[in-house]
Amino acid sequence: MKSLKRATLVVLIPCVALVLVALVIAGFLVQQAIQARNAAGDLARTTSRVTSYVAAEQVERRQALVPRDGRAAAYDHYNQLIDAAIASLQDTAQQAPDAALGFEQLTAARLLSAADGMYRTDSLAAAGLGSDGFRAYAGQVGAYHADLDAVAPNLTAHGRDLYTALIQSEDWSRVTAAENALLAGVPLPVSQGDWRASAAKVARQLSDLYAGQSAYVVQLTTDSGRRTLTGALSGGAAILLLAALVFVVALRLAPRPERVVPEEVPDVEVFVPQPRSARLRIMPSPSAAPLEMPDMRVMQAVLEGIRKL
């Protein structure tokens with residue numbers, strides 16, 4: 001019996017351990033998938049919040065640059081606020097669950113920085129360029145063109161088409177011609193009104209390009225989280241099913257105690273000896289004649305004769 005129990009434990013203990021390991025693996029996969037899905041939601045909320053915030057701060061910065069007094073301080077103040085918001089997007093990208101997703105998020109963040117650089121140059125030019133404003137303008141023109149050249153190859157196919165159409169447009173040619181003229185210190189090749197109108201269109205198209213790239217990254221992250229969660233649930237269910245199947249098979253293969261069928265015992269007559277005196281009283285002698293019972297009428301006649309006497 002002890003050897004039977006030991007053999008059963010040897011079979012069942014690994015199966016129970018396999019089921020526990022399957023539960024742990026399935027739980028880990030589901031937890032990772034939930035984190036990926038939550039990361040996608042966080043990215044979507046952060047992107048929406050930063051985009052709205054940057055747009056509002058760009059309007060306030062443009063208005064703050066109209067008066068000449070304190071223009072440089074106001075310009076630096078709003079730039080710092082917008083840079084901090086863009087940095088939050090970059091931090092979110094570094095925490096992405098996947099390296100490819102993080103790279104796409106960084107591309108979108110740098111594209112937003114380039115679009116804001118275009119807004120900065122436009123705000124400075126609209127407010128009028130002094131000595132300090134000219135240095136800031138020159139720095140921002142070079143910065144946002146460098147950002148655009150860096151992110152353009154990493155855009156989506158649709159984004160690259162939009163960017164190619166933008167830099168080949170007449171508005172882009174007017175803006176770059178005006179920027180080069182200002183940096184070179186020569187008269188503008190286009191009218192002030194045409195330049196301002198083209199600059200507004202280019203800035204809006206860059207913002208639309210960022211919005212499209214950002215929406216693509218959010219959708220990509222959301223789909224990745226959903227696929228990860230679905231795969232984790234499917235993989236966890238498969239692992240648990242396999243573990244349960246192994247457990248059932250092990251139960252069926254485990255040794256079982258055999259049923260003991262009782263054997264039929266033949267009937268045995270037991271001779272019980274009796275005392276000799278009892279045998280003498282009960283058993284008549286073989287030579288004696290058998291006793292006969294008297295007739296009842298004879299007995300009644302005898303009894304009547306005795307009463308008459």
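Heads up: numbering here begins at 1 and tracks the sequence. None of these values were measured; they are calculated from a predicted model.
A donor-acceptor pair shorter than 3.5 Å can be found between the side chains of Ser191 and Asp194. A side-chain donor-acceptor contact under 3.5 Å links Gln219 and Asp223.
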Go through the steps for Tyr210 and Thr51 under the test side-chain hydrogen bond (donor to acceptor under 3.5 Å, both in side chains), then give the verdict. CA-CA 9 Å; Tyr210 160 72; Thr51 302; 3.1 Å; yes
Steps toward side chain to side chain contact (heavy atoms under 4.5 Å, CB included) verdict (Glu57, Val54): CA-CA 5 Å; Glu57 294 302 316; Val54 168; 5.8 Å; no
Let me see the working for Thr92 and Val50 under side chain to side chain contact (heavy atoms under 4.5 Å, CB included), right down to the final yes or no. CA-CA 12 Å; Thr92 304; Val50 169; over 6 Å; no
Assess the residue pair Leu111 and Leu148 against the criterion (side chain to side chain contact (heavy atoms under 4.5 Å, CB included)); give the C-alpha distance rounded to whole Å, side-chain angles, the decisive distance to 0.1 Å, and a yes or no. CA-CA 7 Å; Leu111 183 57; Leu148 287 176; 4.0 Å; yes
Could you go step by step and tell me if Trp195 and Arg174 meet the side chain to side chain contact (heavy atoms under 4.5 Å, CB included) rule? CA-CA 6 Å; Trp195 173 36; Arg174 287 176 182 171; 5.8 Å; no
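Each of Leu89 and Leu81 belongs to its own hydrophobic cluster when Ile, Leu, Val, Met, Phe, Trp and Tyr are linked at side-chain heavy-atom distances under 4.5 angstrom. Linking ILVMFWY side-chain heavy atoms closer than 4.5 Å, directly or via other members, places Leu188 and Leu183 in a single hydrophobic cluster. Residues Ile86 and Tyr144 share a hydrophobic cluster, clusters being chains of Ile/Leu/Val/Met/Phe/Trp/Tyr side chains in contact below 4.5 Å. Hydrophobic clustering (side-chain heavy atoms under 4.5 Å, transitive across Ile, Leu, Val, Met, Phe, Trp, Tyr) keeps Val141 apart from Val175. Hydrophobic cluster membership is shared by Val151 and Ile167, with clusters built from Ile, Leu, Val, Met, Phe, Trp and Tyr side chains linked at under 4.5 angstrom.
Pairing each heavy atom of Thr176 with each of Ser173, the nearest pair is OG1-O, 3.1 Å. Contact between Ala109 and Gln90 at its shortest, heavy atoms only, is CB-CG, 3.8 Å. In this structure, Glu104 and Val217 approach most closely via the heavy-atom pair O-CG2, 3.4 Å. Of all heavy-atom pairs between Pro189 and Ala181, the closest is CD-CB, 3.7 Å. Taking both residues in full, the closest heavy atoms of Arg160 and Ala152 are given as CG-O, 3.4 Å, listed atom of the first, atom of the second, then distance. The nearest pair of heavy atoms linking Leu124 to Tyr75 is CD1-OH, 3.5 Å.
With values rounded to the nearest 0.5 angstrom, Leu182 atom CG is found 8.0 Å from Glu179 atom CD. From Gln213, atom CD reaches atom CG of Leu112 across 11.5 Å, with rounding to the nearest 0.5 Å. Residue Leu206 holds its CG atom at 8.0 Å from OH of Tyr163, rounded to the nearest 0.5 Å. Atom OG of Ser207 is separated from atom CD of Gln58 by 6.0 Å, given to the nearest 0.5 angstrom. Rounding to the nearest 0.5 Å places CG of Leu241 at 6.5 Å from CG of Leu245. Arg61 contributes atom CZ, which lies 13.5 Å from atom CZ of Arg71 (distance to the nearest 0.5 angstrom).
Between Leu106 and Arg110 there is no side-chain heavy-atom pair separated by less than 4.5 Å. Using a 4.5 Å cut-off on side-chain heavy atoms (C-beta onward), Leu209 and Leu155 make contact.
Side-chain atoms of Ser214 never come within 3.5 Å of backbone atoms of Ala211 as a donor-acceptor pair (strictly under, hydrogens ignored). Although no hydrogens or angles enter the test, the distance criterion places a donor-acceptor pair under 3.5 Å between the side chain of Ser88 and the main chain of Ala85.
A salt bridge links Arg120 to Asp116: at least one charged side-chain nitrogen sits closer than 4.0 Å to a carboxylate oxygen.
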